[in-house]
There are 2 protein chains.
Amino acid sequence: MANMAYDTPEMDAGARLKAARLRPTRQRLELARLLFREHDRHVTAESLAEEGARMGVKVSLATVYNTLHQFKAAGLLRQVVVDASRTYFDTNVGDHQHFFVENEGLLIDIPGEEISVSGVPNPPQGLTIDSVDVVVRVKRN
Amino acid sequence: MANMAYDTPEMDAGARLKAARLRPTRQRLELARLLFREHDRHVTAESLAEEGARMGVKVSLATVYNTLHQFKAAGLLRQVVVDASRTYFDTNVGDHQHFFVENEGLLIDIPGEEISVSGVPNPPQGLTIDSVDVVVRVKRN
DNA sequence: ACGCAAATTGGAACAATTCTAATCTATGAG
DNA sequence: CTCATAGATTAGAATTGTTCCAATTTGCGT
Ligand SMILES: [Mn+2]
Ligand SMILES: [Mn+2]
Ligand SMILES: [Zn+2]
Ligand SMILES: [Zn+2]
């Protein structure tokens, strides 16, 4: 077997779950296949559930929520906060930022190398930086 | 009368509403007084409603929501998206960014002069930049 | 195969927000 | 001033996204 990165898009769903120490249940396998079929997907619980339904995957909405949170906890997904009423999950866990198309609820990646934030002051005493998130809000002309 | 900026914190609630072309109702006046009493406040509808209740201001929650949105539309407040389950409003409408203390739901201002974002690529065709928002997520040690 | 911890599920519960339709009020025309 | 009316407020219902719950099912080590 060729040398392979720990977590690659071409890694199959089973291996992914194993690496994350999550039981490879039918639901998790099928959701992982949907999620990691392509790169850089941005989904909400609802959108993923719908996609599952369309693809004939039988999973309850509760399980979609559970799975997204478990994948996030396992580092397979990251959560992106751009909208006060919906939670987005991102299959791209690397360093990058986002354009957010307000009226469409669409997220577009900005590679981490392109963008940079400088001059972030030290946080107040007793606080440690977790992440620096940039959201470029854009509107369709 | 001394020369005065268009929208200053020391401006009284009535003048503020007049400048924003909003009828100076009792509720709007009282909420404006609470909001602009100090600089740089970050409130949620719930927190402002509670504060009102504490201060003996009689306003319904529906009106708090209406008022926050109207103030925002009038440019008196800006909305800050940092949490997927709550909407924050900011009395500081100038250029600045935020620390967000995750578990406490607390927002802390970062002056706009200190922080700077560079390398934002041009948005995809047909999209125009609305704002560039930086959220530095921090955790209590 | 069995037993059991872990996972799934439908539906109830929740929390934040918006909506509705009835009532009240600021305002400006007369 | 008085009044008519457009605009504002309100209680409570409705909606939405998400979490919780208790019952059932399933993956997996023995
Ligand atoms: Mn502020
Ligand atoms: Mn919600
Ligand atoms: Zn992304
Ligand atoms: Zn602020």
Side-chain angles (χ1 to χ4, degrees), chain A residues 13-34 42-53 56-74 76-77 79-89 102-103 105 107, chain B residues 13-34 42-53 56-74 76-77 79-89 102-103 105 107:
Chain A
R16 227 174 248 283
L17 293 182
K18 169 141 31 146
R21 298 218 157 63
L22 290 168
R23 281 200 193 177
T25 63
R26 175 180 58 78
Q27 290 85 339
R28 296 211 271 230
L29 283 166
E30 295 180 324
L31 291 176
R33 274 184 219 114
L34 289 181
H42 302 102
V43 304
T44 63
E46 288 286 349
S47 82
L48 182 59
E50 276 172 34
E51 184 178 353
V57 172
K58 198 185 147 285
V59 197
S60 73
L61 184 58
T63 297
V64 172
Y65 274 103
N66 291 340
T67 300
L68 287 172
H69 284 119
Q70 292 152 357
F71 283 12
K72 177 198 173 184
L76 266 42
L77 292 176
Q79 197 166 358
V80 183
V81 180
V82 282
D83 185 309
S85 71
R86 260 203 259 316
T87 296
Y88 287 82
F89 290 88
E102 297 274 13
N103 356 24
L107 278 172
Chain B
R16 228 174 248 282
L17 293 181
K18 169 143 26 148
R21 298 217 157 62
L22 290 168
R23 281 199 192 179
T25 63
R26 175 179 57 78
Q27 292 84 339
R28 296 211 271 231
L29 283 166
E30 295 180 321
L31 291 175
R33 274 183 219 115
L34 288 181
H42 302 101
V43 305
T44 62
E46 287 285 350
S47 81
L48 182 58
E50 277 171 34
E51 184 178 352
V57 172
K58 200 184 146 286
V59 197
S60 74
L61 185 55
T63 296
V64 172
Y65 274 102
N66 290 340
T67 302
L68 287 173
H69 284 120
Q70 292 152 356
F71 283 12
K72 176 197 172 184
L76 265 42
L77 292 178
Q79 198 166 359
V80 182
V81 180
V82 284
D83 185 309
S85 70
R86 262 203 239 346
T87 296
Y88 288 82
F89 290 89
E102 298 273 13
N103 355 28
L107 278 172

Novice: For A/Glu102, enumerate each residue passing the salt bridge (Lys or Arg N to Asp or Glu O under 4.0 Å) test, keeping only those at least two apart in sequence or located in another chain.
Specialist: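 Partners of A/Glu102 under the salt bridge (Lys or Arg N to Asp or Glu O under 4.0 Å) test: A/Arg137.
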Novice: Determine whether A/Val57 and A/Gln27 make a side-chain contact, defined as any pair of heavy atoms from C-beta on separated by less than 4.5 Å.
Specialist: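 Contact flag for A/Val57/A/Gln27 side chains = no.
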Novice: Using a heavy-atom distance cut-off of less than 4.0 Å, which residues of residues 45-52 of chain B contact DNA chain D?
Specialist: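 By residue number: none to list.
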Novice: How many whole angstroms separate atom CZ of B/Phe89 from atom P of C/dA16?
Specialist: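 My rounded result for the distance is 14 Å.
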Novice: Just to be sure I understand the rule, does B/Thr44 reach a base, reach only the sugar-phosphate, or reach nothing, if contact means heavy atoms closer than 4.0 Å?
Specialist: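 Touches nothing.
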Novice: Is the phosphate of D/dT18 approached by A/Thr87 (side-chain N or O, under 4.0 Å from OP1 or OP2)?
Specialist: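 Yes, because at least one side-chain N or O of A/Thr87 sits under 4.0 Å from OP1 or OP2 of D/dT18.
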Novice: Please check this pair: side chain of B/Thr67 against backbone of B/Thr63, looking for a donor-acceptor N/O pair closer than 3.5 Å.
Specialist: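 Answer holds: yes.
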Novice: Starting at OH of A/Tyr88 and ending at C1' of D/dT18, how long is that distance when rounded to a whole Å?
Specialist: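 Going from OH in A/Tyr88 over to C1' in D/dT18 covers 15 Å.
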Novice: Which residues satisfy the side chain to side chain donor-acceptor pair (under 3.5 Å) test with A/Thr25, sequence neighbours excluded?
Specialist: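 By the side chain to side chain donor-acceptor pair (under 3.5 Å) rule, A/Thr25 matches no residue at all.
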Novice: Take atom CG of A/Leu29 and atom C1' of C/dA7, then tell me their distance rounded to the nearest Å.
Specialist: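 Distance check: A/Leu29 CG to C/dA7 C1' gives 13 Å.
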Novice: Nearest heavy-atom pair of A/Arg28 and A/Leu17: which atoms, and what distance?
Specialist: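 Smallest heavy-atom distance, with atoms named: CB-CD1, 3.8 Å.
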Novice: Let me know the distance between CD of B/Gln79 and C1' of C/dA16, rounded to the nearest Å.
Specialist: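 That distance rounds to 13 Å.
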Novice: Checking A/Lys18 now: which residues fulfil side chain to side chain donor-acceptor pair (under 3.5 Å) with it, not counting sequence neighbours?
Specialist: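 Testing A/Lys18 for side chain to side chain donor-acceptor pair (under 3.5 Å), a comparison that skips the adjacent residues, returns none.
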Novice: For the residue pair A/Lys58 and A/Arg26, establish whether any side-chain heavy-atom pair is separated by less than 4.5 Å.
Specialist: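 The answer is yes, as the side chains (C-beta and beyond) meet within the 4.5 Å cut-off.
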Novice: My understanding is that only residues two or more places apart in sequence, or in another chain, count here; which of them pass salt bridge (Lys or Arg N to Asp or Glu O under 4.0 Å) with A/Arg33?
Specialist: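 Residues passing salt bridge (Lys or Arg N to Asp or Glu O under 4.0 Å) with A/Arg33: none at all.
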Novice: What is the distance, to the nearest angstrom, from the CG atom on A/Leu68 to the P atom on C/dA7?
Specialist: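 Interatomic distance, CG of A/Leu68 to P of C/dA7: 15 Å.
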Novice: At less than 4.0 Å, is any side-chain N or O atom of B/His69 found next to OP1 or OP2 of C/dT18? Yes or no.
Specialist: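 Yes, such a contact exists.
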Novice: Taking protein heavy atoms under 4.0 Å as touching, what does nucleotides 3-11 of chain D look like 5' to 3' if B marks base contact, S marks sugar-phosphate-only contact and - marks none?
Specialist: ---BSSSBB
Novice: Return the value, rounded to whole Å, for the distance between atom CG of A/Leu17 and atom C1' of C/dA7.
Specialist: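 It works out to 13 Å between those atoms.
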Novice: Round to a whole Å and report the spacing from CG of A/Leu31 to C1' of C/dA7.
Specialist: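 Answer to the nearest Å: 13 Å.
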Novice: Whether B/Tyr65 contacts C/dT18 is assessed here as follows: a side-chain N or O lying under 4.0 Å from the phosphate OP1 or OP2. Is that the case?
Specialist: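 Negative; the distance criterion is not met.
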Novice: Can you find a pair of side-chain heavy atoms, one from A/Tyr88 and one from A/Leu77, that are under 4.5 Å apart?
Specialist: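 Not in contact.
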